[in-house]
Amino acid sequence: DEHKKRDTVEEEVTEEMLKEVIDVYISETDSVSLLDIPSTVMSVDTDESEAIIERNRQYAEVCRNRMGNDKYMERSMQTLSGAAKDKHVQSDAVVMVNTGWAHCFPSELRNYVNVAFTGCGHVVSSTKHHRSGSVHDQCKQPFSVVSTAVSSLKEVDAFGSTSGAESDLQLIMQSETFQNCLLVMEKSILGNTFQPDLAAYRQLPVLEDPDFPVGQRKEETESGGPPALQRLWAFSCELNRGRSVRSMAWNKKNTDLLAVGYGENDSGDLTPGLVCCWSLKNPTWPERVLHCDSAVTSLDFSANNPSRLAVGMLNGNIAIYDVQGREQNSHVVSSSECLKKHLGPVWQLRYNQQGLSFAGEKVEELFSVSAEGRISRWFEFNTGLDCTDVMKLKRIHNTKKKARGNNTEKTGSVLTAMTPGLCFDFYPTDPSVYLVGTQEGLIHSCSSSNNQHFLDTFRKHFCAVNCVAWCPLSPDVFLSCSSDWTIQLWKLDQLNPVLGFTSIQRAVCDIKWSPKWATIFGAVNEGQLEIWDLNSSFLDPVAVQPAAPGVTMKSLLFTSRADCVLVGDSDGQVTVYQLKNLRVGESSQGISASFLPGGYSARPLL
Amino acid sequence: MAEVEETLKRIQSQKGVQGIIIVNSEGIPVKTTLDNSSTVHYAGLIHQLVMKARSTVRDIDPQNDLTFLRVRSKKNEIMIAPDKDYFLIVIQNPSD
């Protein structure tokens with residue numbers, strides 16, 4: 001009937017109606033019987049009684065035998081309900097009305113929250129009449145909404161409980177995942193900005209961007225053209241502006257991680273030192289910043305524990321840091337309490353793998369050379385570092401050239417002064433032999449089993465030897481550079497240098513062999529970066545990169561996989577240059593032994 | 001906390017970054033460097049996009065989850081880092 005179908009009009013509930021007394025009568029309903037089988041009673045004398053008695057007896061028999069009888073099986077029945085079927089219905093575009101979303105919600109507005117969901121196909125007017133606190137009821141009714149909006153409706157429940165967006169921001173900013181997330185984002189942004197340089201570094205082929213025509217990136221002539229250095233980018237930030245770069249080292253395990261040690265300012269005052277660990281993925285801010293007590297002079301990463309970084313300082317201290325953790329100044333051990341610590345600046349540190357331990361893994365030890373003339377081997381002892389002296393560099397007064405073939409040298413005077421050692425390098429094939437360069441200009445080869453005598457002394461330089469380096473690809477060949485403006489190439493069995501190189505009249509600060517090509521090495525003197533190729537010329541470097549005006553270049557590092565060179569300068573910048581067009585042939589073979597001693601006219605045969 | 005602020009400042013000053021928006025789990029922007037209407041616009045649209053992307057990833061493999069989303073367009077790039085408590089949205093124009 002139409003009467004029944006008309007919607008009942010809701011009346012307003014008034015106060016008087018609530019206070020009325022209403023009588024409620026409860027009564028029993030009629031009983032409804034569902035099953036009624038009355039029992040049949042018969043007299044024993046009738047004819048059917050026997051059949052019935054027989055049936056009764058059989059039934060009793062059955063009942064008795066039912067327990068444990070194989071003929072009867074317990075069986076349960078279950079009605080299966082069909083699988084639930086999800087049904088999504090999509091409506092047209094949701095029109096959101098945003099009113100003051102970014103502000104705090106006072107708690108009285110809880111009921112009117114649903115105003116924003118007008119576009120969802122839900123009748124809004126009916127919600128206002130619900131009593132307060134019934135926000136939860138909304139979710140139980142079926143909606144015809146876009147499926148994504150359902151999840152945000154569930155979050156409506158939490159609305160009344162948050163005290164606003166402010167505390168959310170605080171919570172988010174303090175969570176650690178947010179910090180990591182920010183760093184990843186920063187690296188992605190920088191990846192976009194530095195993409196061409198990083199691709200050149202990693203030697204990826206350049207693909208054209210279809211949106212930007214070729215004219216934006218100039219085509220470089222790949223073949224032909226002289227060897228050149230191209231500047232890719234520079235690691236620098238305002239923390240280290242003006243500090244000179246003293247030492248750089250790659251991490252042994254993660255070859256994208258670079259540690260740079262910064263020394264004193266340009267003005268020369270002794271500011272506390274700084275070590276920054278840079279990642280290739282972020283050239284604008286270092287991953288880790290470590291503040292040290294005094295200016296940093298050398299550093300090296302350990303190979304056995306790749307997160308340990310040993311730092312040598314101007315005041316003679318050596319500290320080992322663990323760079324994995326994010327806490328500031330997480331140094332593990334320091335040598336400041338050691339009695340035998342160095343009293344002068346630690347000019348070079350190196351982790352060296354010598355021999356095998358019982359377990360068969362390589363034992364690694366930290367060696368250092370300092371300005372007081374001692375070479376020490378360090379080990380950790382009682383939360384500090386302790387050392388044993390491997391060699392003392394005595395000053396040699398006899399500089400007779402005739403003593404060339406002499407293996408041992410002993411000074412005539414009783415009081416032997418010590419001479420500062422500036423650099424050392426371990427022999428690649430036998431780690432117990434090493435070379436030391438001293439301030440007097442001598443290079444000694446020593447063995448770690450003999451701490452009294454040198455094995456050999458190489459004399460040529462007359463100023464301090466700044467760096468010695470063994471050639472990694474060619475046995476028995478090493479280079480040395482010195483403040484007397486020259487670089488000398490030596491062979492282990494000849495006490496005179498095989499070749500000498502000079503280019504400009506500035507002290508040569510650092511020298512390194514290329515890890516890939518046996519005839520290429522790089523040298524940094526104060527004015528420029530030079531790349532020498534023994535294959536092409538002994539008189540001139542093949543590529544020269546002058547330093548920026550007012551800045552002197554201080555240190556050099558090759559990269560093992562890319563064809564790039566890193567140069568640190570006195571302004572705190574570490575610049576990455578790519579070597580192009582070096583035109584090296586089969587130079588993975590070593591320099592042949594047919595170098596004639598002492599001649600510029602010698603031609604190497606490969 | 002100060003580190004987080006510093007990192008945000010550094011990101012803001014990188015080349016080509018047009019805006020940073022932090023959205024909480026309910027879809028409300030809690031921190032932004034853009035104007036209000038663009039912020040709300042981005043937040044609403046990106047919320048839906050991330051939900052769809054996340055459900056796609058989890059549908060294919062329920063053990064998997066979305067970690068980063070980049071939308072590269074002709075004019076700029078939108079990078080979104082979703083998490084269960086927040087979204088971080090950065091809009092960058094790398095050729096700026």
Side-chain angles (χ1 to χ4, degrees), chain A residues 94 96 98-105 146-159 162 164-196 209-212 216 237 282 284-285 289 326 328, chain B residues 1-8 10-17 20 22-32 36-37 39-41 43-44 47-52 54-55 67-68 70 72-77 79-96:
Chain A
V94 174
M96 299 270 201
N98 295 300
T99 47
W101 276 97
H103 304 299
C104 285
F105 277 93
V146 180
S147 59
T148 54
V150 171
S151 60
S152 44
L153 271 173
K154 287 205 184 89
E155 287 144 10
V156 165
D157 290 357
F159 255 2
T162 58
E166 294 295 320
S167 66
D168 264 355
L169 180 60
Q170 297 296 319
L171 276 171
I172 292 175
M173 302 273 264
Q174 278 161 8
S175 73
E176 202 186 303
T177 53
F178 187 66
Q179 170 71 354
N180 289 341
C181 175
L182 276 176
L183 291 171
V184 170
M185 183 66 79
E186 191 181 2
K187 287 179 186 155
S188 312
I189 295 172
L190 285 165
N192 276 340
T193 317
F194 284 99
Q195 202 265 336
D209 193 350
D211 292 329
F212 296 104
Q216 286 216 350
C237 67
N282 188 345
T284 57
W285 191 261
V289 174
R326 281 212 156 260
Q328 297 292 330
Chain B
M1 187 58 194
E3 259 193 59
V4 169
E5 293 281 352
E6 264 191 49
T7 316
L8 271 173
R10 282 203 315 267
I11 292 182
Q12 176 73 29
S13 63
Q14 298 289 355
K15 180 177 156 226
V17 170
I20 304 175
I22 304 178
V23 178
N24 71 357
S25 51
E26 291 145 13
I28 313 174
V30 294
K31 189 171 167 73
T32 173
N36 213 8
S37 60
T39 301
V40 164
H41 204 178
H47 190 94
Q48 298 179 29
L49 180 66
V50 172
M51 289 304 172
K52 191 67 180 168
R54 183 180 266 157
S55 71
T67 53
F68 205 80
R70 284 169 97 145
R72 185 89 181 77
S73 71
K74 272 199 210 153
K75 294 193 187 165
N76 52 19
E77 177 164 359
M79 288 175 267
I80 305 150
D83 188 88
K84 66 174 176 52
D85 299 324
Y86 58 84
F87 293 166
L88 173 66
I89 303 166
V90 174
I91 303 134
Q92 185 197 16
N93 185 357
S95 56
D96 238 349

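Every chain is numbered from 1, with letters handed out A, B, ... down the list of sequences.
- The part of B:Glu6 that comes within reach of chain A is its side chain, from C-beta onward, which places non-hydrogen atoms under 4.5 angstrom from that chain.
- A donor-acceptor pair under 3.5 Å links the side-chain atoms of B:Gln92 to the main chain of B:Lys15, judged by distance alone.
- Interface residue B:Ile80: only backbone heavy atoms are found under 4.5 Å from chain A.
- Considering B:Ile91, B:Ile11, B:Ile89 as possible partners of B:Ile20, the one that fulfils the side-chain contact (heavy atoms from CB on, under 4.5 Å) test is B:Ile11.
- Ranking A:Leu182, A:Thr193, A:Val184 against chain B, the residue ahead of the rest is A:Leu182, based on heavy-atom pairs under 4.5 Å.
- No donor-acceptor contact under 3.5 angstrom links the side chains of A:Asn282 and B:Arg10, judged on distance only.
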Discussion item. A:Phe178 vs B:Ile22, test: side chain to side chain contact (heavy atoms under 4.5 Å, CB included). Steps then yes/no.
Written reply: CA-CA 10 Å; A:Phe178 187 66; B:Ile22 304 178; 3.4 Å; yes
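- Interface residue B:Asp85: only backbone heavy atoms are found under 4.5 Å from chain A.
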